[in-house]
Amino acid sequence: MMDYDVIVIGAGPGGMTAAMYAARANLKVAMLDRGVYGGQMNNTDDIENYPGYQSIKGPELGERMYETATNAGVEFVYGDVQEVTIDAQQTKHIRTDSDEITTKVVIIATGSTNRKLGVLGEEKYSGKGISYCAVCDGAFFKNKEVTVIGGGDSAISEGLYLANITNNVNIIHRRDQLRAQKVLQNRAFANDKMAFTWHASVTEIIGDDQHVTGIKMLDNQTGEEKVVNTSGVFIYVGNVPNSQMFKNLDITDEAGWIVTDTEMATSVPGIYAVGDVRQKKLRQITTAVGDGGIAGQNAFEYIERLNYEVIIKQ
């Protein structure tokens with residue numbers, strides 16, 4: 001059994017910032033993650049809205065954040081969290097797939113994952129022409145025609161990335177205008193390798209049993225359905241929170257997003273949440289970092305109060 005002052009579950013930008021702040025307060029801190037540190041930054045090609053950098057690769061920014069955190073004394077621990085429980089002394093017990101860890105404070109930074117379309121063929125052709133990460137899989141579609149489903153920042157940013165690799169990128173959006181930032185929209189509309197299909201929903205992804213060959217698409221205004229040939233389908237239709245392992249704590253809303261106050265505190269004393277897993281409007285690297293700084297400092301203050309209470313009782 002390992003014992004810490006603060007455990008940060010998740011090592012994305014919010015988690016790494018929270019861990020760094022807590023460690024700089026001379027606390028024993030570990031980041032616990034089931035994968036590689038960096039979170040969704042590892043799947044992002046160019047980041048252009050993080051202060052201090054005109055442009056920086058996602059994995060590079062993740063590496064720099066990780067170095068800052070570990071240089072402050074943060075440990076990195078691999079593990080897949082199964083459950084968090086609390087005993088009568090308010091000690092938090094984190095059960096992973098291989099260990100049990102005890103800590104005074106838990107900071108949840110588990111982020112979110114790509115939402116699935118939920119259409120016929122999606123599961124069958126996942127990894128066979130369907131992807132949720134252009135940076136990861138775009139090279140497989142060099143000089144081919146691909147489809148991007150969605151209209152937000154991720155869809156358009158990744159569509160622009162794919163336009164540098166593929167012959168053509170068709171953006172399919174269920175509305176008549178994009179939700180992405182204007183600067184991304186302007187670049188996309190100016191790119192002659194990007195086309196747009198409006199008022200459309202994908203109803204099925206079809207293939208030859210080995211690879212994707214096309215999609216079935218429904219015109220939401222006319223009701224017309226047609227088949228469009230494509231070699232790859234990249235899906236960006238929102239996210240779902242990675243919060244299933246915290247259901248027993250009763251700290252989420254109906255959709256699974258963790259509810260906090262402005263100090264990143266949940267309804268459970270000593271448990272905070274930061275970044276994309278938190279119930280909020282804007283989910284960006286900058287907002288995750290801001291959340292992390294607040295939570296890391298509040299973790300220190302919470303532990304100070306605990307120590308003071310122990311002294312008073314003595």
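Given the structure is predicted, the values throughout are model-derived calculations rather than measurements.
Remark: the Ser201 side chain and the Asn220 side chain contain an N/O donor-acceptor pair separated by less than 3.5 Å. Using modelled atom types and a 3.5 Å distance limit, the side chains of His93 and Asp87 yield a donor-acceptor pair. In the model, Gln284 has a side-chain atom that pairs as donor or acceptor with a side-chain atom of Asn49 under 3.5 Å. Counted by atom type alone, Glu225 and Thr203 present one or more donor-acceptor pairs between their side chains at under 3.5 Å. Asp137 and Ser131 share a donor-acceptor pair across their side chains, judged by distance under 3.5 Å alone. Checked by atom type, the side-chain pair Gln185/Gln181 shows no donor-acceptor distance below 3.5 Å. Side-chain N/O atoms of Asn167 and Glu145 include no donor and acceptor closer than 3.5 Å. Looking only at atom types and distance, the side chain of Tyr37 has a donor-acceptor partner in the side chain of Glu63 under 3.5 Å away. Side chain to side chain, Asn170 and Thr197 meet the donor-acceptor criterion of an N or O pair below 3.5 Å.
Of the possible polar contacts, one joining the Arg283 side chain to the Asp276 backbone as a donor-acceptor pair under 3.5 Å is found. No donor-acceptor distance shorter than 3.5 angstrom exists from the side chain of Thr103 to the backbone of Val106, with no hydrogens or angles considered. In this structure, Thr287 contributes its side chain and Leu282 its backbone to a donor-acceptor pair below 3.5 Å. For the pair Ser243 (side chain) and Gly256 (backbone), a donor-acceptor distance under 3.5 Å is present. Put simply, the side chain of Glu304 never gets that close to the backbone of Phe300: no donor and acceptor are under 3.5 Å apart. In terms of modelled atom types and a separation under 3.5 Å, the side chain of Asp97 and the main chain of Asp80 share a donor-acceptor contact. With Lys92 contributing its side chain and Gln90 its backbone, the two residues share a donor-acceptor pair below 3.5 Å. Checked by atom type and distance alone, the side chain of Asp253 pairs as donor or acceptor with a backbone atom of Ala255 at under 3.5 Å. Checked by atom type and distance alone, the side chain of Ser267 never pairs as donor or acceptor with a backbone atom of Ile251 at under 3.5 Å. Judged by distance alone, the side chain of Asn248 and the main-chain N or O of Val84 form a donor-acceptor pair under 3.5 Å.
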Can you list the steps and then say if Lys124 with Asp209 is a salt bridge (charged side-chain N to carboxylate O under 4.0 Å, His left out)?
-> CA-CA 8 Å; Lys124 179 177 180 179; Asp209 290 333; 2.6 Å; yes
Start with the C-alpha distance between Val8 and Asp33, add both sets of side-chain angles, then the distance that settles side-chain contact (heavy atoms from CB on, under 4.5 Å), and finish with yes or no. CA-CA 9 Å; Val8 180; Asp33 203 302; over 6 Å; no
### Query
Are Ile101 and Leu32 close enough, and set up right, to give a side-chain contact (heavy atoms from CB on, under 4.5 Å), and what steps lead you there?
CA-CA 10 Å; Ile101 304 171; Leu32 175 62; 4.2 Å; yes
Are Val227 and Ile206 close enough, and set up right, to give a side-chain contact (heavy atoms from CB on, under 4.5 Å), and what steps lead you there?
-> CA-CA 9 Å; Val227 174; Ile206 56 179; 3.6 Å; yes
Kindly indicate, with the supporting measurements, whether the criterion side-chain contact (heavy atoms from CB on, under 4.5 Å) is fulfilled by Ser112 and Gln40.
-> CA-CA 9 Å; Ser112 61; Gln40 291 193 22; 3.7 Å; yes
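The aromatic rings of Phe76 and Tyr78 stand perpendicular to each other, their planes meeting at an angle above 60°, with 30° marking the opposite boundary.
Residues that satisfy the salt bridge (charged side-chain N to carboxylate O under 4.0 Å, His left out) test with Asp291, not counting sequence neighbours, are Arg278, Lys280.
Salt-bridge check for Glu83 with Arg95: passed, with a basic side-chain N closer than 4.0 Å to an acidic carboxylate O. In summary, Arg187 and Glu48 engage in a salt bridge, as defined by a charged side-chain N under 4.0 Å from a carboxylate O.
How far CD1 of Ile303 is from CG of Asn298: 11.5 Å, rounded to the nearest 0.5 Å. Rounded to the nearest 0.5 angstrom, Asp219 CG and Trp198 CH2 are separated by 13.5 Å. Separating the CE atom in Met194 from the OG1 atom in Thr166 is a distance of 9.0 Å, to the nearest 0.5 Å. Atoms CE and CD1, from Met245 and Ile108 in turn, are 9.0 Å apart once rounded to the nearest 0.5 Å. Here OH of Tyr272 is found 10.0 Å from CD of Gln297. Values are rounded to the nearest 0.5 Å. Taking CD1 from Ile235 and OH from Tyr132, the interatomic distance works out to 4.0 Å, rounded to the nearest 0.5 Å.
Counting heavy atoms from C-beta outward, Ile172 and Val202 have side chains that approach closer than 4.5 Å. Counting heavy atoms from C-beta outward, Ile107 and Ile7 have side chains that stay 4.5 Å or more apart. Within the 4.5 Å cutoff, side-chain heavy atoms of Ile205 are placed close to those of Ile130. Contact annotation: the side chain of Asp46 never approaches that of Tyr161 to less than 4.5 Å [non-hydrogen atoms, C-beta and beyond]. A 4.5 Å side-chain heavy-atom check between Ile94 and Thr96 finds at least one atom pair inside the cut-off. Residues Ile47 and Ile285 form a side-chain contact, since some pair of their non-hydrogen atoms from C-beta on lies under 4.5 Å apart. Tyr66 is listed as a side-chain neighbour of Met31, based on a closest heavy-atom distance under 4.5 Å. With contacts defined as side-chain heavy-atom distances shorter than 4.5 Å, the pair Ile156/Ile171 qualifies.
Cluster annotation: Phe189 and Leu184 are assigned to the same hydrophobic cluster (Ile/Leu/Val/Met/Phe/Trp/Tyr, side-chain heavy-atom contacts under 4.5 Å, transitive). Residues Val233 and Phe196 do not share a hydrophobic cluster, clusters being chains of Ile/Leu/Val/Met/Phe/Trp/Tyr side chains in contact below 4.5 Å.
Taking both residues in full, the closest heavy atoms of Tyr4 and Glu75 are given as OH-OE1, 2.9 Å, listed atom of the first, atom of the second, then distance. Of all the heavy atoms in Val274 and Ala295, the pair that sits closest is CG1-CB, 3.4 Å. Of all heavy-atom pairs spanning Val77 and Ala30, the tightest one is CG2-CB, 4.1 Å. Considering all non-hydrogen atoms of both residues, Phe234 and Ala134 come closest at CE2-CA, 3.6 Å. Across all non-hydrogen atoms, the minimal contact from Ala163 to Asn191 is CB-ND2, 3.7 Å.
Screening Leu160, Leu162, Thr147, Thr230 for a side chain to side chain contact (heavy atoms under 4.5 Å, CB included) with Val169, the sole residue that qualifies is Leu162.
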Taking only distance into account, with no hydrogens and no angle test, what donor-acceptor pairs under 3.5 Å do side-chain atoms of residues 9-29 form with protein atoms, sequence neighbours excluded?
unit_1: Thr17; atom_1: OG1; unit_2: Pro13; atom_2: O; d: 2.7
unit_1: Lys28; atom_1: NZ; unit_2: Asp3; atom_2: O; d: 3.1

